Amino acid sequence: WLQGDQIYYLNLEGEIYKISGGSESKITDQKITDLRSVDASFDNSLVLVSFGLNKPSFSVFDAASATFRPLPQNTLAAAWDPKANRIAYLRETAANSNLNILSLTTNKTAEIIKLNQKGLELDWVGPNEIYFTQKPSALAPGSLWSINLSTKKIKSVIKDESGLMILWSQ
């Protein structure tokens with residue numbers, strides 16, 4: 001990912017390096033194994049890292065301080081606010097999935113809604129709108145729902161579409 005005139009990257013051993021002014025340096029000794037995804041915040045100052053084989057773990061990496069901040073255990077999906085340093089994340093409990101919003105500015109978490117559906121992916125597509133999808137499958141139909149964060153109302157966007165895979169760009 002890029003931040004100003006600096007380039008950050010993960011090497012094959014899971015170490016984070018920075019390239020700046022033609023020189024390369026390792027910026028943390030912590031190694032990330034079984035990398036799933038790397039997603040930069042809107043201003044590229046923070047990175048949401050997903051890793052782990054069977055069950056994902058999520059951490060926010062701060063390039064300025066070279067520190068990691070883990071999201072709560074049992075977080076199964078997470079997405080950046082497209083305009084602020086906030087993260088929406090789904091945390092699974094024995095009974096349901098909870099959608100939470102973590103503000104990295106205030107360090108406070110707000111529970112938005114409890115869902116009876118499990119195994120969802122999420123994508124924060126607008127200031128007050130988050131999309132939920134079921135994990136894609138060619139054999140089973142999937143659906144897409146939208147939640148308005150102001151009203152907490154959920155609506156169906158796409159229902160029972162075979163092989164549904166969606167990637168939004170901002």
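Note: hydrogens, waters and symmetry copies are ignored here, and every other heavy atom, side chains too, is used. Please read all numbers here as calculations on a predicted model, not as lab measurements.
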Below 4.5 Å, heavy atoms only, C-beta onward: do [X] and [Y] meet side chain to side chain?
{"X": "L120", "Y": "T133", "answer": "no"}
{"X": "Y131", "Y": "L122", "answer": "no"}
{"X": "I87", "Y": "D81", "answer": "no"}
{"X": "L99", "Y": "I147", "answer": "yes"}
{"X": "I16", "Y": "Y9", "answer": "no"}
{"X": "F68", "Y": "T28", "answer": "yes"}
{"X": "W1", "Y": "L10", "answer": "yes"}
{"X": "N148", "Y": "S150", "answer": "yes"}

How long is the span from the [atom1] atom in [X] to the [atom2] atom in [Y], to the nearest 0.5 Å?
{"X": "L76", "Y": "L71", "atom1": "CG", "atom2": "CG", "answer": "11.5 Å"}
{"X": "I32", "Y": "S59", "atom1": "CD1", "atom2": "OG", "answer": "7.5 Å"}
{"X": "L144", "Y": "K155", "atom1": "CG", "atom2": "NZ", "answer": "10.0 Å"}
{"X": "I27", "Y": "S20", "atom1": "CD1", "atom2": "OG", "answer": "11.0 Å"}

- request: Applying salt bridge (Lys or Arg N to Asp or Glu O under 4.0 Å), name anything that partners K83, two or more places apart in sequence or on another chain.
  value: none
message: Which residues pass the salt bridge (Lys or Arg N to Asp or Glu O under 4.0 Å) test with R91, not counting sequence neighbours?
response: none
Spell out, yes or no, whether [X] and [Y] are grouped together once hydrophobic residues are joined by side-chain heavy atoms under 4.5 Å, including indirect joins.
{"X": "L149", "Y": "W145", "answer": "yes"}
{"X": "L102", "Y": "V38", "answer": "no"}
{"X": "F61", "Y": "F58", "answer": "no"}
{"X": "W124", "Y": "F132", "answer": "yes"}

Nearest non-hydrogen partners of K114 and N98, listed with the distance: CG-OD1, 3.1 Å
message: Can you give me the closest heavy-atom contact between R86 and S103, atom names plus distance?
response: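 Heavy atoms of R86 and S103 come nearest at CG-CA, 4.0 Å.
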Going by atom type alone, with no hydrogens or angles, which donor-acceptor pairs under 3.5 Å involve a side-chain atom of residues 40-53 and a protein atom two or more places apart or on another chain?
| residue | atom | partner | partner atom | Å |
| --- | --- | --- | --- | --- |
| S41 | OG | D43 | OD1 | 2.8 |
| S41 | OG | N44 | N | 3.4 |
| S41 | OG | S45 | N | 3.4 |
| S41 | OG | L46 | N | 3.2 |
| S41 | OG | L46 | O | 3.3 |
| D43 | OD1 | S45 | N | 3.1 |
| D43 | OD1 | S45 | OG | 2.8 |
| D43 | OD2 | S45 | OG | 3.2 |
| N44 | ND2 | L2 | O | 2.9 |

- request: Using distance alone, with no hydrogens and no angle criterion, decide if S146 and E129 have a side-chain donor and acceptor under 3.5 Å apart.
  value: yes
query: Just checking, is any N or O donor in the side chain of K55 or N74 under 3.5 Å from an acceptor N or O on the other one?
result: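 Per modelled atom types, K55 and N74 side chains form a pair under 3.5 Å.
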Main-chain N/O of D39 paired with W80 side-chain donor or acceptor, under 3.5 Å: yes
message: Among residues at least two apart in sequence or on other chains, which ones pass side-chain contact (heavy atoms from CB on, under 4.5 Å) with E15?
response: N11, E13, Y17, K26, K31
query: Can you name the side-chain contact (heavy atoms from CB on, under 4.5 Å) partners of S65, sequence neighbours left out?
result: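 With sequence neighbours excluded, S65 shows a side-chain contact (heavy atoms from CB on, under 4.5 Å) to D62, T67, given in chain and number order.
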task: Not counting sequence neighbours, which residues clear side-chain hydrogen bond (donor to acceptor under 3.5 Å, both in side chains) with N100? List them please.
output: none
task: Any chance you could lay out the side chain to side chain contact (heavy atoms under 4.5 Å, CB included) test for L90 and L115, step after step, and finish with the verdict?
output: CA-CA 9 Å; L90 281 172; L115 302 165; 4.2 Å; yes
Side chain to side chain contact (heavy atoms under 4.5 Å, CB included) evaluation trace for I130 with V125: CA-CA 6 Å; I130 294 176; V125 296; over 6 Å; no
query: Can you tell which of Q6, Q3, E24 makes a side-chain contact (heavy atoms from CB on, under 4.5 Å) with K18?
result: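 That would be Q6.
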